Amino acid sequence: MKLLGTILVRQMGRLVLSGVIVEVEAYLGEIDPASHAYRGLTKRNAVMYGEPGHAYVYFTYGFHHCLNITTEKVGKAGAVLIRALQPREGIDRMKKNRGVNKLESLTDGPGKLTKALRIDRALNGEDLVASKKLYLVRGSGARINVGRSARIGIKVGLEHRWRYFIKGNPYISKTKPRSENP
DNA sequence: CTCGTGATTGACT
DNA sequence: GTCAATCACGAGC
């Protein structure tokens, strides 16, 4: 996944928060039962059908926001869920936003990183190329060791191993995919 | 350390 | 009415 190693920047006035993307999951519409777009276009997932390179932000579990980046052409649903970041700039501010002091648990989960970076549905549909509030910066290009596994937190579509992460990075999420069935 | 569970809103059936 | 791409915390090992 090309997004691994890319830097995600959140800018609020003079304040800059950023981190390196270290863990992602791919979701495709139609063929993917775990995707929000599996049952077709709805109000919530409309952004997934729009242009690639935009932010798809949704609210879940009554507490958390999750950040996705759309990947497919207009009319085709597809997005990549950003699951974890390695904090880079504005770390003190992120700690404040999260109310924690440990660097490793600052952004090692999809709900955590949106809270740390103050991402909410106001940023849904944001153009990550043109935006000044939330955008991507090409990484260093350093060689990275990519691992792969089943996706986390879903009950269906486990046959697709579409979770990608930087192997050995301490900031990836610790939760494991549910492999068995209750 | 690992495991289980409660919290709480919005969108879909 | 039901359920969700999650997290924090407390109990038990």
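Proteins get letters first, then strands, A, B, ... in listed order; numbering begins at 1 in each. No experiment lies behind these values; they were computed from the predicted model shown.
- Side-chain heavy atoms closer than 4.5 Å link hydrophobic residues (I, L, V, M, F, W, Y) into clusters, and following such links, possibly through other members, connects A:Val57 to A:Leu128.
- For the pair A:Arg83 and A:Phe165, the NZ or CZ position fails the cation-pi test of under 6.0 Å to the six-membered ring centre and within 45 degrees of the ring normal.
- Using a 4.5 Å cut-off on side-chain heavy atoms (C-beta onward), A:Leu106 and A:Tyr171 make no contact.
- A:Leu85 places a side-chain heavy atom less than 4.5 Å from the side chain of A:Ile21.
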Base-pairing string, 5' to 3', of DNA chain C - Watson-Crick or wobble, under 3.5 Å, | interstrand: ||||.|||||||.
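- Residues A:Glu72 and A:Ala77 come closest through the heavy atom pair CG-O, 3.7 Å.
- Chain A approaches DNA chain B within less than 4.0 angstrom (heavy atoms of the protein), and the contacting nucleotides run 5' to 3' from B:dA7 to B:dT13.
- Ring orientation note: the planes of A:His36 and A:Tyr56 are nearly perpendicular, at an angle over 60° on the 30°/60° scale.
- Side chain of A:Arg163 to main chain of A:Glu23: no donor-acceptor pair is present (N/O by atom type, distance under 3.5 Å, no hydrogens or angles).
- Side-chain contact check for A:Pro52 versus A:Thr71: every heavy-atom pair is 4.5 Å or farther apart.
- Considering only heavy atoms from C-beta on, A:Leu81 stays 4.5 Å or farther from A:Leu67 through its side chain.
- Within residues 103-111 of chain A, the residues that have a heavy atom under 4.0 Å from DNA chain C are, in order of number, A:Gly109, A:Pro110, A:Gly111.
- Heavy-atom distances under 4.0 Å link DNA chain C to A:Leu81, A:Arg83 of residues 81-91 of chain A, given in residue order.
- Between A:Leu136 and A:Val129 there is no side-chain heavy-atom pair separated by less than 4.5 Å.
- The stretch residues 43-53 of chain A touches DNA chain B through A:Lys43, A:Arg44, each having a heavy atom within less than 4.0 Å of the strand.
- A heavy-atom distance below 4.5 Å is not found between the side chains of A:Pro110 and A:Glu25.
- Taking the nucleotide of DNA chain B with the nearest heavy atom to each of A:Arg121 and A:His64, the more 5' of the two is matched to A:His64.
- Between the side chain of A:Thr114 and the backbone N or O of A:His65, at least one donor-acceptor pair lies under 3.5 Å.
- Looking at A:Thr6, its side chain never comes within 3.5 Å of a backbone N or O of A:Gly139 through a donor-acceptor pair.
- Between A:Tyr58 and A:Arg44, the shortest heavy-atom contact is CB-CD, 4.3 Å.
- Within a 6.0 Å radius of NZ in A:Lys102, no more than 12 heavy atoms belonging to other residues, nucleotides or ligands are found.
- Bracketed by its first and final contacts, the part of DNA chain C lying under 4.0 Å from non-hydrogen atoms of chain A reaches from C:dA4 to C:dA8 in 5' to 3' order.
- Using a 4.5 Å cut-off on side-chain heavy atoms (C-beta onward), A:Lys112 and A:Thr107 make no contact.
- Within the nucleic acid shown, A:Arg163 has no heavy atom closer than 4.0 Å to any nucleic acid atom.
- Between A:Arg151 and A:Ala26 the shortest heavy-atom distance is NH1-O, 2.9 Å.
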